[in-house]
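Predicted, not measured: the structure shown is a model, and the values here were computed from it. We use all heavy atoms of the structure for the numbers below, so side chains are in, but hydrogens, waters and symmetry mates are not.
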Amino acid sequence: MHIMEGFLPSPWWEIWFLVSIPIVAYGIYRISDITKKHPEAKPLLALVGAFIFVLSALKLPSVTGSCSHPTGSGLAAVLFGPAIASVLSMIVLVFQALLLAHGGLTTLGANTFSMGILGPFVAFAIWIVLRKMKVSNSIGVFFAVALGDLFTYFMTSAQLALAFPTAAGFWDALIKFGTVFSFTQIPLAIGEGILAILIFDFLVKYKGQILSTMGVIKLPVVSLTQEEKE
């Protein structure tokens, strides 16, 4: 998914910066707001950022100029919303570009939009819809994270198709880029969805009160016995 340094021609890399910056700026505001209201959530933010860094650093060769890997940003969207996921993803992408030569600075806007904005937005929307349908948290997390992962790669395919359309046009290029990505990304998305369930269950077990306070989950109401009330 990381489009490599210098691969996108002008004006596409500038356009993706312009589109991404306002959303990341709103995400910074959301982080400030949530850490003021819930300071106990700071370690959780750091943990989720590290989760994104580790998963998205596992690059596999894919389309020329890009790669395949899990993203980790879908789980961040489920826990904190897509705006905060965009900030965490951009921070991760900056470090990966500077330290690992994974992605690039000129393609930072495009990579942030696909991994940090569209993917997390889709993941968050699916999570909200499935919660309203009262499906279990495990099913909700799986579909949110897996589909958020796939839509990240749909967006990368669209970005590459816009910059490098074939003689038949954008849609032909989109199908070709997306087809190549799908061979590696579909199994990776399923695996990321399963891993996200395990991480989410772990967080519910050990950080359930924080997640409940932030409105991510609802803890069951415990009825006190008459003896406990006294």
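- Across all non-hydrogen atoms, the minimal contact from Met214 to Leu79 is CE-O, 4.2 Å.
- No chain of hydrophobic side-chain contacts below 4.5 Å, direct or via other Ile, Leu, Val, Met, Phe, Trp or Tyr residues, connects Val87 to Val54.
- Residues Val48 and Leu75 have side chains not in contact (no heavy-atom distance under 4.5 Å, counting atoms from C-beta outward).
- In terms of hydrophobic clustering, with Ile, Leu, Val, Met, Phe, Trp and Tyr side chains grouped at heavy-atom distances under 4.5 Å, Leu203 and Tyr206 are assigned to a common cluster.
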Check residues 121-143 and write down every donor-acceptor pair under 3.5 Å in which the side-chain atom is one partner and the other belongs to a residue at least two apart or another chain.
unit_1: Arg131; atom_1: NH1; unit_2: Gly215; atom_2: O; d: 3.1
unit_1: Arg131; atom_1: NH1; unit_2: Val216; atom_2: O; d: 3.2
unit_1: Ser136; atom_1: OG; unit_2: Ile139; atom_2: N; d: 3.3

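- In this structure, Leu100 and Ala57 approach most closely via the heavy-atom pair CD1-CB, 4.2 Å.
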Checklist line | Chi angles and distances behind the side chain to side chain contact (heavy atoms under 4.5 Å, CB included) call for Leu55, Leu195 | finding: CA-CA 10 Å; Leu55 284 197; Leu195 177 62; 3.9 Å; yes

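- Among residue pairs with one or both ends in residues 90-102, none qualify as salt bridge (charged side-chain N to carboxylate O under 4.0 Å, His left out); sequence neighbours excluded.
- Using a 4.5 Å cut-off on side-chain heavy atoms (C-beta onward), Gln159 and Phe113 make contact.
- At a threshold of 4.5 Å between side-chain heavy atoms, the hydrophobic network of Ile, Leu, Val, Met, Phe, Trp and Tyr places Phe183 and Leu150 in two separate groups.
- Between Lys176 and Asp172 there is a salt bridge, with a side-chain nitrogen of the basic residue lying less than 4.0 Å from a carboxylate oxygen of the acidic one.
- Remark: side-chain polar atoms of Thr152 are paired, donor with acceptor, to backbone N or O of Ser114 under 3.5 angstrom.
- In terms of heavy-atom proximity, Leu162 sits nearest to Pro165 at O-CD, 3.6 Å.
- In this pair, His69 and Tyr153 present their aromatic rings perpendicular. The plane angle is above 60°, beyond the 30 to 60° band.
- Here the shortest heavy-atom pairing between Ser89 and Ile52 reads OG-CD1, 4.2 Å.
- Inter-residue side-chain proximity for Phe80 and Ile31 is flagged as unmet; no heavy-atom pair is nearer than 4.5 Å.
- Aromatic ring orientation, Phe17 versus Trp13: perpendicular (interplanar angle above 60°, classes split at 30° and 60°).
- One N or O on the side chain of Thr107 and one on the backbone of Ile3 form a donor-acceptor pair closer than 3.5 Å.
- Tracing side-chain contacts under 4.5 Å through hydrophobic residues (I, L, V, M, F, W, Y), one never reaches Leu18 starting from Leu8; they form parts of separate clusters.
- A single hydrophobic cluster is seen to contain both Leu105 and Met90, as judged by linkage of ILVMFWY side chains at heavy-atom distances under 4.5 Å, directly or through other members.
- Using modelled atom types, one side-chain atom of Ser73 and one backbone atom of Met115 make a donor-acceptor pair closer than 3.5 Å.
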Next item on the list: Kindly determine whether Gln96 and Ser56 satisfy side chain to side chain donor-acceptor pair (under 3.5 Å), including the steps that lead there.
Entry: CA-CA 9 Å; Gln96 290 176 341; Ser56 60; 2.9 Å; yes

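- Of all heavy-atom pairs between Ser66 and Leu160, the closest is CB-CD1, 4.5 Å.
- Surrounding CZ of Phe7 are more than 12 heavy atoms belonging to other residues, nucleotides or ligands, all under 6.0 Å away.
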Next item on the list: Give the intermediate values and the outcome of ring pair (Phe, Tyr, Trp, His ring centres under 6.0 Å) for residues Phe177 and Phe181.
Entry: CA-CA 6 Å; Phe177 282 121; Phe181 272 128; 7.5 Å; no

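- Heavy-atom minimum distance, Thr71 versus Glu192: N-OE1, 3.0 Å.
- Note that CG of Leu45 and CG of Leu47 are 9.5 Å apart. Values are rounded to the nearest 0.5 Å.
- The pair Asp33-Arg30 counts as a salt bridge, with a side-chain nitrogen and a carboxylate oxygen less than 4.0 angstrom apart.
- By the 4.5 Å heavy-atom criterion applied to side chains, Leu188 and Gln185 are counted as neighbours.
- At most 12 heavy atoms of other shown residues, nucleotides or ligands fall within 6.0 angstrom of atom OH in Tyr29.
- Between Trp16 and Met155 there is a side-chain heavy-atom pair separated by less than 4.5 Å.
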